[in-house]
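Inspection log for the structure reproduced underneath, given as structure tokens.
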Amino acid sequence: MLRYIVIRLFFMIVTLFIIVSIIHFVGDMVMMAKWSMPHPFSEDVALAWEHYKIFLKNVISDWNFGTSDIFKIPAWGLVVSKMPITIVMNLAAYWFYVTFGLVIGILSAVYKDSIFDKIVVNVVLVISSIPIYIMIIGLILFFGYYLKILAPIYPQVGEGLLNQLTGLIIPVLALSFWPLANIIRLTRAEVIDEMNEDFVSMLRAKGLNRRQIIFRHILRHILTTIIPELTTTFVIVLSFSFFVEI
């Protein structure tokens with residue numbers, strides 16, 4: 001398990017490095033195309049590459065990610081100042097979509113083809129097709145401004161624990177809908193497959209009830225498939241939180 005976690009963290013760092021590099025390189029070329037006189041594409045690429053090497057050298061030697069053009073402060077300091085909200089938001093969302101995804105997925109598989117299962121399948125289909133930036137705007141407008149039961153924006157630090165918690169509901173829901181649908185779909189499919197295996201019939205013959213079979217045996221089997229998916233999902237949702245926070 002430790003080896004697996006180390007490997008996943010390593011690839012996560014490599015992925016983030018590649019993403020930052022691509023954003024810096026492409027963003028530099030876009031700015032040159034916008035503000036500079038038109039010149040050959042090869043010159044833009046060469047100049048962007050030189051800028052990227054300077055950026056990479058500053059990061060390695062001084063941990064300097066440059067200065068924000070908008071706020072006029074070091075970019076890394078700006079990221080660090082926003083990090084606590086991002087971490088809290090993503091950890092709360094992670095707990096929500098993992099817990100409810102597993103529970104609803106198992107129930108949907110156990111009561112396959114029932115009304116509950118059909119509702120879950122259709123709801124999953126709908127919410128998994130809505131982009132996160134549309135979802136967050138809809139939640140803000142409906143719950144924040146129309147019903148006025150939730151804070152439409154995240155409260156400032158120091159406004160009280162209750163306000164902080166209620167302010168998390170809309171962003172956590174927006175972050176959770178897509179991964180929740182994904183985990184429900186995956187859990188449901190895995191449980192249904194496992195329940196059709198021969199060892200389940202043997203366990204029933206030994207006198208185990210459905211709850212014992214699911215939580216003692218089936219759940220342990222499906223977690224080997226679901227846990228790697230949870231790691232990937234968390235990284236994807238972490239990147240989505242950028243739109244939610246804005």
Side-chain angles (χ1 to χ4, degrees), residues 1 4-5 7-16 18-19 82-112 116-144 150-151 154 164-194 214-215 218-246:
M1 178 61 73
Y4 172 78
I5 294 174
I7 292 175
R8 298 298 298 186
L9 288 174
F10 171 76
F11 281 109
M12 184 179 70
I13 294 172
V14 171
T15 303
L16 291 174
I18 294 173
I19 292 173
K82 303 294 183 180
M83 199 173 292
I85 296 177
T86 303
I87 293 174
V88 170
M89 200 177 292
N90 279 273
L91 289 179
Y94 184 80
W95 175 87
F96 181 84
Y97 61 71
V98 170
T99 303
F100 285 94
L102 290 174
V103 171
I104 297 174
I106 291 173
L107 291 175
S108 183
V110 170
Y111 300 103
K112 181 184 175 184
F116 173 79
D117 180 46
K118 292 177 181 178
I119 292 174
V120 169
V121 170
N122 285 282
V123 170
V124 163
L125 180 64
V126 172
I127 64 177
S128 62
S129 62
I130 302 176
I132 191 169
Y133 52 87
I134 300 297
M135 182 69 72
I136 184 66
I137 292 174
L139 291 173
I140 290 173
L141 292 176
F142 185 72
F143 291 105
L150 296 175
Y154 190 78
Q164 297 290 324
L165 293 176
T166 55
L168 279 173
I169 295 177
I170 287 180
V172 165
L173 287 177
L175 287 174
S176 298
F177 278 136
W178 173 81
L180 179 66
N182 191 38
I183 293 172
I184 290 174
R185 183 166 50 238
L186 179 61
T187 304
R188 179 182 181 274
E190 290 294 325
V191 172
I192 290 175
D193 287 342
E194 291 290 328
I214 290 174
F215 289 100
I218 292 179
L219 185 59
R220 185 173 57 187
H221 289 178
I222 68 173
L223 285 179
T224 58
T225 303
I226 294 176
I227 288 177
E229 184 68 21
L230 295 180
T231 306
T232 305
T233 300
F234 180 77
V235 175
I236 295 174
V237 173
L238 185 62
S239 64
F240 285 164
S241 64
F242 169 77
F243 299 101
V244 171
E245 290 181 40
I246 290 180

If you measure from [atom1] on [X] to [atom2] on [Y], what distance do you get to the nearest 0.5 Å?
{"X": "I136", "Y": "I130", "atom1": "CD1", "atom2": "CD1", "value": "12.5 Å"}
{"X": "L175", "Y": "M89", "atom1": "CG", "atom2": "CE", "value": "7.0 Å"}
{"X": "I236", "Y": "E229", "atom1": "CD1", "atom2": "CD", "value": "7.5 Å"}
{"X": "L219", "Y": "E194", "atom1": "CG", "atom2": "CD", "value": "10.5 Å"}
{"X": "I222", "Y": "L102", "atom1": "CD1", "atom2": "CG", "value": "6.5 Å"}
{"X": "F100", "Y": "I184", "atom1": "CZ", "atom2": "CD1", "value": "10.0 Å"}

Are [X] and [Y] close enough that some pair of their side-chain heavy atoms sits under 4.5 Å apart?
{"X": "F143", "Y": "I169", "result": "no"}
{"X": "R188", "Y": "V121", "result": "yes"}
{"X": "L230", "Y": "Y94", "result": "yes"}

Query raised in the report: Should we say atom OH of Y111 is surrounded by more than 12 heavy atoms from elsewhere, each under 6.0 Å from it?
Result: no
Query raised in the report: Is there a donor-acceptor contact under 3.5 Å from the side chain of N122 to the main chain of K118?
Result: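 Yes.
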Report task. Answer yes or no: is there a donor N or O on one side and an acceptor on the other, between the side chain of T187 and the main chain of I183, under 3.5 Å? Result ->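 Indeed, once roles are kept as given, a pair shorter than 3.5 Å links the two residues.
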Requested in this report: Test W95 against every option in T99, L91, V98 by the side-chain contact (heavy atoms from CB on, under 4.5 Å) rule and name the one that passes.
Outcome: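 The single option meeting the side-chain contact (heavy atoms from CB on, under 4.5 Å) with W95 is T99.
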